[in-house]
Amino acid sequence: MKSYTHSAYNAPPPGCQRHGIEGVSMSQEDIAGEDGFDEEAARASLSEQQRIRREKLAKLQAEGRDPFAVVTWNQSHHSAEIKEKFEELENKDVSVAGRVMSFRDIGKASFIDLQDRDGRIQVYLNADGLGADAYAEVKTWDMGDIIGVEGYVFKTRRGEISVHAKRMVLLTKAIEPLPEKFHGLKDPEQRYRRRYLDLVMNPQVMDTFKKRTRIIRAVREYLDEREYIEVETPILGTIASGAAARPFVTKSNALNLQLYLRIATELYLKRCIVGGMERVYEMGKDFRNEGIDIRHNPEFTMIELYQAYADYNDMMELCENICAHAAQVATGSTTITYQGTELRFAPPWRRLTMMDAVKEYGGIDFASVASDEDARSLAVEKGLADELKKKLKDCTKGDILNAAFEKYAEKELIQPTFIIDYPADISPLTKQKPGDPSMTERFEAFIYGREIANAYSELNDPIVQDDRFRQQAKERELGDDEAYMLDEDFVSSLEVGMPPTGGMGIGIDRLIMFLTDSYSIRDVILYPTMKPVN
RNA sequence: GGGCCGUUAGCUCAGCUGGUAGAGCAGCAGACUCUUAAUCUGCGGGUCGCAGGUUCGAUCCCUGCACGGCUCACCA
């Protein structure tokens, strides 16, 4: 036998040699040295509790009762259902399964808290119900083990709905002890790295991820009912465009080609509109090679949708309706509480222009700023220079308006609010406003000071689009490595003709954060990006 | 990337001007046939994140590193 661990998992029949070459004898040392395993060392590295559980398992296996050999269990009911339908089920037999979360021995009777998908159900067991041998056997099981229980439903003297066990089967042995039953698993690092333990120990976490699924389904249903077609577009491509962000770089061996992970789905979805799909959406992961914090994970879920013959006003309506619908589905109300603040999702949301927002929250009236020159003087006067991504001399009025918005207004937008009419300089894929080519038909939705959606009347003039891309190329040269990459094929598609179109992106993780009252984006992503331990 | 903080038993956490560690839960042994953070008695369990340094002596002081949390910058 090779190692303690292996022997405990899978004891070979006596006399069966699993390793070593026929006719060649190998000493224990050779075998241990060969693959770096040493039985004594392996045993010594285990905690007392790990060792005891492995020994219990080995004993079962030696007796031919390997719990890992069990294949199925008929689960007639879940915990929540038994509690909900108690009147109907009282004294009826049920069959449940789940993880042992708590053991309470009271002399010759015991209580087990069994946890399944929906919660916990108490199991009452004694020698009268199970037989003396079986009862003694169950007492050797451990917290964390997964078991099946058959018995009848009853209510204890204290009023706890329980299953009175007639038959119990060990379905899976946990050879690792669970975290502490009352405090649970608290260490954030362990919670994210070992999410399975987080899910087992913290019911709130299970609830959040169930809600996540419901929210995503609600958004899809909302769009499917309105005849949107759901599509899938490439994640790998030679151009990462459609947003201002730094991409992840990877490489195709077959093509001997540098590829990027997508940062947005925009340009492919608009090609679908060119192709005549009329209403299209994609919900999926985008990847942005940027900072990681409480609101940003390098891979995150975004929905982008495009609707032909519509504009950004239609997108505003759609945005508030989708969010309100999702809130209703997730929480039962369109008014939610996020980190102690009441947020009202019911439409209509407040709408104000970026310029009005800067006037209201920053006291600066950009309507009276005539030129880029004047704007730059204003930026110096108001100390906005630090907010700018480029050197001041390269900044336009639009850049400075946006900087002022981000500095003064953004954090004030607590209730859901649409900020409309963005500067053309920072919106290269957006149609200009009729009568004011410096501004575009674009909005961003803000909730709790955070951007949650971004939408426009899509630019469909191929010649203007080409110019805008070339302007972005210049921005790149000026040091903005987040400027949009030129996608010539996309421009070609516009030459074929894209109908007037409204488009929108909604940050799904952020929406879910609000609707589950989660402080960090890592609390709504099952496996957030983490550095490896070593 | 910068700043601040953290890393001690399986888990949650204490640990005093530096003298190689404690509690609760969990585990083991025992008592108890309606408990539910059950209770009661007893007993085990530690590479104090890693590597150096100072010191007679380091969980504690210093330096470096790793991982994490918060925060600022960037971003959605």
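Below, all heavy atoms of this structure are taken into account, side chains as well, without hydrogens, waters or symmetry copies. So that the names make sense, note that chain A is the first sequence line, chain B the second, and so on, each numbered from 1.
- Side-chain atoms of A/Thr156 and base atoms of B/U35 include a donor and an acceptor less than 3.5 Å apart.
- We find that OH of A/Tyr124 is positioned 12 Å from C1' of B/C32, with the value rounded to whole Å.
- Under the 3.5 Å distance criterion, with hydrogens and angles disregarded, no donor-acceptor pair is assigned to the side chains of A/Asp487 and A/Ser241.
- Contact annotation: A/Lys531 reaches the phosphate of B/C67 (side-chain N/O to OP1 or OP2, under 4.0 Å).
- Both the sub-6.0 Å distance and the 45° axial angle are satisfied by A/Arg442 relative to the ring of A/Tyr422.
- Residues forming a ring-ring contact (aromatic ring centres under 6.0 Å, His included) with A/Phe514 (at least two apart in sequence, or on another chain): A/Tyr338.
- Phosphate proximity of B/U36 to A/Arg158: present, with a side-chain N or O under 4.0 Å from OP1 or OP2.
- Going from the P atom of B/C61 to that of B/G2 covers 23 Å, rounded to whole Å.
- Between A/Arg104 and the phosphate of B/U35, there is no side-chain N or O to OP1/OP2 separation shorter than 4.0 Å.
- Of the candidate nucleotides B/U71, B/C67, B/G10, B/C67 has the atom nearest to the side chain of A/Glu189.
- Spacing between atom CZ of A/Phe154 and atom P of B/U33 amounts to 16 Å, rounded to whole angstrom units.
- In this pair, A/Phe300 lays its aromatic ring flat on the base of B/A76, centres within 5.5 Å and planes under 30 degrees apart.
- Place A/Ile292 and A/Asp142 on RNA chain B by their nearest nucleotides, and A/Asp142 ends up nearer the 5' end.
- When each of B/U35, B/U33, B/G69 is scored by its nearest atom to the side-chain atoms of A/Glu160, the top-ranked nucleotide is B/U35.
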Under a 3.5 Å cutoff on both atom distances, Watson-Crick or G-U, what's the dot-bracket for RNA chain B ([ ] crossing, | other strand)? (((((((..((((.....[..)))).(((((.......))))).....(((((..]....))))))))))))....

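- Side-chain N/O atoms of A/Glu180 and base N/O atoms of B/A26 include no donor-acceptor pair closer than 3.5 Å.
- Ranking B/G45, B/U33, B/C13 by closeness to the A/Lys186 side chain, first place goes to B/C13.
- Rounded to the nearest Å, the gap between the P atom of B/G46 and that of B/G3 is 38 Å.
- Of the candidate nucleotides B/C28, B/C74, B/U36, B/C74 has the atom nearest to the side chain of A/Glu482.
- Nucleotides B/A38 and B/A31 place their C1' atoms 14 Å apart, quoted to the nearest Å.
- Taking atom CZ of A/Phe446 as the reference point, atom P of B/A76 lies 10 Å away to the nearest angstrom.
- Separating the CD atom of A/Gln190 from the P atom of B/G68 is a distance of 11 Å, rounded to the nearest angstrom.
- Taking the six-membered ring for Trp, A/Phe418 and A/Phe443 have ring centres closer than 6.0 Å.
- In terms of modelled atom types and a separation under 3.5 Å, the side chain of A/Glu475 and the main chain of A/Ala483 share no donor-acceptor contact.
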Please test A/Glu150 against A/Val163 for side chain to side chain contact (heavy atoms under 4.5 Å, CB included), starting from the C-alpha separation and ending with a verdict. CA-CA 8 Å; A/Glu150 289 170 359; A/Val163 174; over 6 Å; no

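- One can place CG of A/Asp293 at 20 Å from P of B/C4, the figure rounded to the nearest angstrom.
- Within the 4.0 Å cut-off from OP1 or OP2 of B/G68, at least one side-chain nitrogen or oxygen of A/Arg193 is found.
- One atom, CZ of A/Arg246, and another, P of B/A76, lie 11 Å apart when rounded to the nearest Å.
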Could you walk me through whether A/Tyr281 and A/Ile303 pass the side chain to side chain contact (heavy atoms under 4.5 Å, CB included) test, one step at a time? CA-CA 7 Å; A/Tyr281 77 92; A/Ile303 185 167; 3.7 Å; yes

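- Distance from the side chain of A/Gln49 is smallest for B/G27 among the nucleotides B/C11, B/G27, B/C70.
- An OP1 or OP2 oxygen of B/U36 is reached within less than 4.0 angstrom by no side-chain nitrogen or oxygen of A/Ser110.
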